[in-house]
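Computed from heavy atoms alone, side chains included, the values below leave out hydrogens, waters and symmetry copies. Note that the coordinates shown come from a computational prediction; the quantities given were computed from them, not determined experimentally.
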Amino acid sequence: MENDSSTINITSQGKNVKNISEFQEKTKASLNKNVSDLLAILFGGAIDLNASDFHIEPEEKGARIRLRIDGILQDALLIDKALYENILSRIKLLSKTKLNVTDRPQDGRFSILAPPKTLIEIRTSILPAEKGESIVLRILNPKSLIKLEGLGLRKDLFELFQEEIKRPNGMIIVTGPTGSGKTTTLYAFLKSIQRPEIKIITIEDPIEYHLKGISQTQTKKEKGYDFASGLKSLMRQDPDVILVGEVRDLETVETALQAALTGHLVLTTLHTNDAAGTIARLVSLGANPSNIGPAVNLAVAQRLIRKTCEKCGTLKSPSPEELQKLKKELKNIPKNIKIRQAKGCSQCNLTGYKGRIGVFEAFLIDDEMEKFILTSPSIAALREKAVERGMISIKKDGFMKVLEGITTIEEVERVVGKK
């Protein structure tokens, strides 16, 4: 593995990097190294900082390197044009993309071998831009895979999820924008139910993380193997649990709903803004409402919010405006409460935040909700009905985490919105 031409070995690149400042110092001291060694140092630092993405953006006289840490892009380094060109060529070689193609997008992937022998997949996206080719490298670190207990679920939701993933059939849909942690949640479900007597098959685009004991397949559009055709093939493999990376067309939706109605547990994702929008999105794709109710067990929406830094975060009394916001969302707020305030230190790269946690909303589709769906309700009416039946909104879940001292009101509003 270490000699594979499409693998970067960073197992011997020295001490860990603890913040952006150390990343900059270590990288600047290595700019005269060969490109392979420099990339190993760059990726080693990015992995140490738990970056999810690595951006190299060409400018007039060079290129800017930025890291996405806890969902926020942070400037890391400026490099000259010659070094940028060398890095671009090396990344193209590693990713098995074409060196002579500069006028159209290219996608590829390669691996990194990190201590203590962890294989980390890197997904490459190269896009023609005004000053050159923009590179985005997605770091798929298996360390990101967590158990259900690590998602940040409230006790009631944790118990609900545990109960629903043990059901023998039906569909669980996780919604949210790109980067909201949907895949992490689905994989946490799989890890919770995985055991020798259960056959689990996935169809993904692409396979982001490799799980032992699970049959994972990847779509190949050029060979006619997409989500819809792949799902039909999967059904002939006699699975108990099926994970479909995303439902995005009528054929996939209909096949997934049929699978859920015929004795399979189907886990999938959908792009909607909230849990209530799940039903409307399925209908807009062409699904029959009379199939949606009986097939779908649970609709979940989620976002990721940053946690305040444990080293520099301080407690303060909420301002009148902040108290009003809390009271609008939550009942029985204790007197003289203190909430966390983000400050900023070297540990959190002066952001005031370190690490992320999920905020969720979810509703069950029981007999009453099934009948309600048949009336073709608006998203607003469905949301109202779900709240009436006990659903706690994402924003309310976020504000509950503010009271617990996990995050700030500003961070919840940044991610979820102020309305």
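Side chains of Leu31 and Asp80 form no contact here, defined as non-hydrogen atoms less than 4.5 Å apart. The closest side-chain heavy-atom distance from Thr97 to Asp107 is not below 4.5 Å. Side-chain atoms of Leu73 and His55, non-hydrogen and from C-beta on, do get closer than 4.5 Å to each other.
Donor-acceptor pairing under 3.5 Å is lacking for the side chains of Asn288 and Asn291. For the residue pair Thr252 / Asp249, a side-chain donor-acceptor distance below 3.5 Å is found, with atom types taken as modelled. For the residue pair Arg90 and Ser36, a side-chain donor N or O sits within less than 3.5 Å of a side-chain acceptor on the partner. No hydrogens or angles considered: nothing links the side chains of Ser89 and Asn86 as a donor-acceptor pair under 3.5 Å. In this model, a donor atom of one side chain and an acceptor atom of the other lie less than 3.5 Å apart for Gln302 and Thr185.
In terms of the side chain to side chain contact (heavy atoms under 4.5 Å, CB included) criterion, residue partners of Leu127 (sequence neighbours excluded) are, by chain and number, Pro105. For Thr178, the side chain to side chain contact (heavy atoms under 4.5 Å, CB included) partners two or more places apart in sequence, or in a different chain, are His271. With sequence neighbours excluded, the residues forming a ring-ring contact (aromatic ring centres under 6.0 Å, His included) with Phe110 are Phe43, listed by chain and number. In this structure, the ring-ring contact (aromatic ring centres under 6.0 Å, His included) partners of Tyr209, at least two apart in sequence or on a different chain, are Tyr187.
Under a cutoff of 6.0 Å and an axis angle of 45°, Lys220 and Tyr225 do not form a cation-pi pair.
Residue-environment remark: NZ (Lys385) exceeds the threshold of 12 foreign heavy atoms within 6.0 Å. Heavy-atom contacts from other residues, nucleotides or ligands closer than 6.0 Å to CG of Asn141 number more than 12. At most 12 heavy atoms of other shown residues, nucleotides or ligands fall within 6.0 angstrom of atom CD in Glu310. Residue-environment remark: CD (Glu384) stays at or below the threshold of 12 foreign heavy atoms within 6.0 Å.
Note on residues 376-402: no pairs pass ring pair (Phe, Tyr, Trp, His ring centres under 6.0 Å), not counting sequence neighbours. Annotation: side-chain hydrogen bond (donor to acceptor under 3.5 Å, both in side chains) contacts involving residues 345-359, sequence neighbours excluded, comprise Tyr353-Thr408.
Glu404 has no carboxylate O lying under 4.0 Å from a charged side-chain N of Lys401, or vice versa, which leaves the two without a salt bridge. Using a cutoff of 4.0 Å between basic side-chain nitrogens and carboxylate oxygens, Asp367 and Lys371 are not scored as salt-bridged.
Annotation: the span from Ile8 atom CD1 to Ile91 atom CD1 amounts to 7.5 Å, rounded to 0.5 Å. Arg306 CZ to Asp70 CG: the interatomic distance, rounded to the nearest 0.5 Å, is 7.0 Å.
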Any chance you could lay out the salt bridge (charged side-chain N to carboxylate O under 4.0 Å, His left out) test for Glu361 and Lys395, step after step, and finish with the verdict?
CA-CA 9 Å; Glu361 64 183 25; Lys395 188 174 183 182; over 6 Å; no
Please step through salt bridge (charged side-chain N to carboxylate O under 4.0 Å, His left out) for the pair Arg195 and Glu197, ending with a clear verdict.
CA-CA 6 Å; Arg195 53 185 192 273; Glu197 61 269 29; 3.0 Å; yes
Verdict with reasoning, Asp274 to Arg383, per salt bridge (charged side-chain N to carboxylate O under 4.0 Å, His left out)
CA-CA 9 Å; Asp274 56 15; Arg383 186 185 303 114; 2.6 Å; yes
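Pro294 and Glu370 make their closest contact through CG-OE2, 3.6 Å (heavy atoms, listed as atom of the first residue, atom of the second, distance). Taking both residues in full, the closest heavy atoms of Ile146 and Ala188 are given as O-CB, 3.4 Å, listed atom of the first, atom of the second, then distance. In terms of heavy-atom proximity, Ile339 sits nearest to Val402 at CG2-CG1, 3.9 Å.
Counting only distance, with no hydrogens or angles, the side chain of Arg68 and the backbone of Gly71 share a donor-acceptor pair below 3.5 Å.
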